[in-house]
Every structure is written in C-alpha cells, then in structure tokens.
Amino acid sequence: MVRYLVVITFIAAMAAAPVLSCAFHGYTPIPTMVERLMSSSSIVLARSHAETPFRFTDVRALRGAAGEAVIPHMVDSKTRAFFEKSPEARVLFAKDSQTGAWVRLVNVDQDMHRVLRQILAHLVEWKEGDTAGRAEFFAALLDEEDPELHNLALGELDLLDYSTFRKLGLQVDTKRILSRIHVVGEANLKPVRVLLLGLSEEVGLRAFFQEGVRANARSDGPMLGAYAIALMEYEGRAAVDWLVRTLLTNQEVSAQALSVLVGTMALHHGAGSEEVGAAIRENLARVAIVDARISGLVNSHFALGIDPKISPHFMTLETVSRLAGSNKF
C-alpha cells in the first residue's frame with residue numbers, strides 16, 4: 001500500500017518482462033479533503049441568503065479574504081435542504097492555488113465543524129511532514145458514526161504506506177465495512193475497505209477474499225492487489241500457499257495479474273510478519289526455479305538487482321539463491 005494502500009499504490013518496475021500498468025490500487029486516487037486544503041490559497045465556509053437562495057453569498061473566510069471569494073457554484077435542492085436543518089450549516093470550499101478554481105469539499109454540520117477546526121489547527125505540521133500524527137488523528141475518526149467523518153478517515157488511511165497502516169492497530173467494524181463495500185458512489189474507498197477487512201478478526205472472510213482475487217485475476221481487475229494482500233494479512237501462510245498453488249502456477253493467468261500478485265507479495269514481505277515473509281520466500285523460490293516468468297518478476301519486484309540480460313537459467317538460479325537466503329528487503 002504505497003499510495004496511494006491504508007494503504008497503498010504499488011507500481012511495478014518491470015525489467016525482466018514487458019512493461020505493464022500494475023498500480024497496486026489500479027485507479028487514480030481522488031485527492032482527499034486534507035490534500036485539497038493543503039494546496040489551497042483560500043478556504044471558506046459558505047451558505048445562501050434568503051434573498052439569494054441559489055447562490056453562495058454568505059461567505060466566512062478560514063484562509064484568505066472573504067470579500068474576494070465569489071463562489072461560482074449553484075445551491076442545489078439537496079444543499080438548500082441541508083441549510084434548512086440549521087442556521088449554522090455551511091459548505092466548505094477551497095480555492096486551488098494553481099488553477100484558481102473553487103472546489104466544493106464537504107457539507108459542514110456541527111460534527112464536521114468540530115473536526116474541521118482540529119484539521120485546520122494541524123494543517124501546517126501535516127503539510128511539513130508529520131505523517132504519523134496525521135495517521136493517528138484519522139485512525140481515531142474511523143469509529144465516528146457520521147458517514148462523512150468515517151469516509152474522510154478512510155480516504156486519509158488510504159494514503160498510508162502499508163507498514164504504517166497495519167501498525168496503527170485499527171479496530172475494524174466488519175459489518176459496517178461490508179455494508180458499504182459495493183456502493184458505486186464510493187468506489188474510490190473500496191481498496192482501503194478491503195485492506196481493513198484483512199485486519200478483521202471476524203471469522204469466515206476467507207471465501208470473500210478468495211473470490212475477489214479470482215475475479216480480478218480473470219479480468220486483470222484493479223482490485224487484485226488489495227484482495228491479495230488482505231487475504232495474506234487475514235490468513236497468513238495458508239493464504240500464500242493458496243495464491244501460489246491457485247494462480248502463480250496457473251499458465252492461464254495473465255502476465256499483468258502475475259506481476260500484481262508477485263508485487264503484493266513483495267509489499268507484504270517488506271511490511272508484514274516474519275512468518276508470512278518466510279512463506280512468501282519459500283513459495284516463490286519453489287516456483288521461480290521452474291518458471292522463468294516468476295523468476296523475472298521476483299527479480300524485479302524484490303529489487304534483487306540481477307541483470308535480466310544474463311542467461312535465463314543463470315538468472316533463475318541466482319534469483320532463487322538470493323530470495324531463499326534473504327530476510328526482509
């Protein structure tokens with residue numbers, strides 16, 4: 001989960017095989033609210049007046065001058081209904097410092113305003129690189145009942161490298177995650193939800209992960225990496241054995257899917273438990289000795305540094321030797 005994983009974009013650097021598009025998540029990440037705020041020149045809270053119900057004319061500046069803020073967005077019926085709930089209800093807008101465009105970020109009710117104040121107080125230190133503090137802040141929001149706050153936390157956790165993600169000790173509400181995992185309008189949050197389920201202590205999720213792996217392997221789907229790493233987190237050594245037996249030794253699996261699978265094993269090998277790391281090394285060494293495709297992918301994803309131009313036989317032997325004799329990379 002190297003972003004853009006909780007977790008995590010993993011991009012394959014293919015030296016021993018054709019260059020493929022193997023982003024870990026397989027989609028272009030949507031900037032989070034915090035990222036938008038960091039890159040903005042002005043931040044405002046806005047709502048309509050009774051005299052101008054379709055325009056954002058009541059503007060309160062959080063950064064920049066309110067008088068300079070002319071919000072071009074129209075107030076739709078859902079937003080007017082939101083404003084009717086409370087005279088304090090607002091919409092958060094940020095002006096992109098590069099394009100000058102006003103971006104609508106989120107509806108701000110009492111709960112969101114409470115969190116927004118805290119975010120703004122930390123914004124400078126987060127922008128300067130306090131990744132750990134930022135991760136802990138949003139990990140604490142994961143249990144919020146408000147869907148907007150919960151999704152805000154998910155989006156931020158999705159930025160973390162996988163090692164940081166799994167060390168947060170997140171408590172996973174499995175039923176809540178599963179209830180939203182296929183919501184079309186929240187497709188950008190599906191990878192991090194799958195990764196969270198990998199941390200779950202709920203029994204009976206193996207079939208869910210395995211079906212996700214199978215379906216995405218068949219179609220070169222964008223979720224293959226997320227399902228594979230979640231399965232390894234959830235089931236450990238048994239998951240590695242299954243992935244190798246079912247997919248890595250299957251000649252019908254595409255080169256791209258194989259690359260993603262070996263890439264996720266390299267990622268988990270560097271960030272996961274030593275027990276799973278040992279299972280990954282043993283299984284990949286066993287397959288690489290008889291399959292030049294796998295030895296090439298292992299050389300690339302594990303950054304073993306073996307020259308792919310040497311004879312395939314020597315590369316295979318050298319790959320297995322270096323892999324079997326390693327611990328963490």
Shortest non-hydrogen contact from [X] to [Y]?
| X | Y | result |
| --- | --- | --- |
| Leu116 | Met33 | CD1-CE, 4.3 Å |
| Asn107 | Arg104 | OD1-NH2, 2.9 Å |
| Val240 | Ala279 | CG1-O, 3.8 Å |
| Arg237 | Glu275 | NH2-O, 4.0 Å |
| Leu248 | Arg293 | O-NH2, 4.0 Å |
| Phe82 | Arg90 | CE2-O, 3.3 Å |

Out of curiosity, [X] [atom1] to [Y] [atom2], how far, rounded to the nearest 0.5 Å?
| X | Y | atom1 | atom2 | answer |
| --- | --- | --- | --- | --- |
| Asn151 | Asp146 | CG | CG | 9.0 Å |
| Ser200 | Leu170 | OG | CG | 11.5 Å |
| Leu123 | Glu128 | CG | CD | 10.5 Å |
| Met265 | Ile229 | CE | CD1 | 10.5 Å |
| Met38 | Ile119 | CE | CD1 | 9.5 Å |
| Thr174 | Glu202 | OG1 | CD | 4.5 Å |

Fill in: Carboxylate-amine/guanidinium contact Glu274 Arg281, below 4.0 Å
yes
Discussion item. Between Glu136 and Lys167 (salt bridge meaning N to carboxylate O under 4.0 Å), is one present in this structure?
Written reply: no
Worksheet item: Ring centroid separation for Trp242 and Phe209, is it under 6.0 angstrom?
Response: no
Quick one: does [X]'s side chain have a donor or acceptor within less than 3.5 Å of a partner on [Y]'s backbone?
| X | Y | answer |
| --- | --- | --- |
| Arg63 | Ser40 | yes |
| Ser97 | Ser39 | yes |
| Arg80 | Pro53 | no |
| Arg36 | Pro31 | no |

Worksheet item: Run the side-chain contact (heavy atoms from CB on, under 4.5 Å) check on Leu160 and Leu168 step by step: do they pass?
Response: CA-CA 10 Å; Leu160 301 175; Leu168 285 173; 3.6 Å; yes
Are the side chains of [X] and [Y] in touch, meaning some heavy atoms are under 4.5 Å apart?
| X | Y | answer |
| --- | --- | --- |
| Arg134 | Glu156 | yes |
| Arg214 | Tyr227 | no |
| Asp158 | Leu189 | no |
| Lys190 | His182 | yes |
| Asp291 | Thr249 | no |
| Trp102 | Val70 | no |
| Met232 | Leu243 | yes |

Worksheet item: Do Arg218 and Glu211 pass the salt bridge (Lys or Arg N to Asp or Glu O under 4.0 Å) test, and can you show the C-alpha distance, the side-chain angles, and the key distance before you say yes or no?
Response: CA-CA 11 Å; Arg218 283 194 300 268; Glu211 179 51 35; 3.6 Å; yes
Worksheet item: Phe138 vs Trp126 aromatic rings, parallel, tilted or perpendicular, using cut-offs 30° and 60°?
Response: tilted
Fill in: Ring geometry between Phe56 and Phe93 (parallel below 30°, tilted from 30 to 60°, perpendicular above 60°)
perpendicular
Same cluster or not: are [X] and [Y] linked, directly or through other Ile, Leu, Val, Met, Phe, Trp or Tyr residues, by side-chain heavy atoms under 4.5 angstrom apart?
| X | Y | answer |
| --- | --- | --- |
| Leu37 | Leu159 | no |
| Val34 | Leu92 | yes |
| Leu120 | Leu152 | yes |
| Val213 | Leu199 | yes |
| Tyr234 | Leu247 | yes |

Discussion item. Before you tell me yes or no, could you show the steps for His301 and Thr264 under side-chain hydrogen bond (donor to acceptor under 3.5 Å, both in side chains), namely the whole-Å CA-CA distance, both residues' side-chain angles and the distance that decides it to 0.1 Å?
Written reply: CA-CA 9 Å; His301 285 293; Thr264 57; over 6 Å; no
Is the number of heavy atoms from other residues, nucleotides or ligands within 6.0 Å of [atom1] ([X]) greater than 12?
| X | atom1 | value |
| --- | --- | --- |
| Gln171 | CD | no |
| Arg206 | CZ | no |
| Arg55 | CZ | no |

Practice prompt. Take His122 and Glu125, measure what side-chain hydrogen bond (donor to acceptor under 3.5 Å, both in side chains) needs, and give me the verdict at the end.
Written response: CA-CA 6 Å; His122 290 294; Glu125 60 203 64; 3.0 Å; yes
Practice prompt. Please assess Val115 against Asp111 for the test side-chain contact (heavy atoms from CB on, under 4.5 Å), listing each intermediate value before the final yes or no.
Written response: CA-CA 7 Å; Val115 173; Asp111 287 336; over 6 Å; no
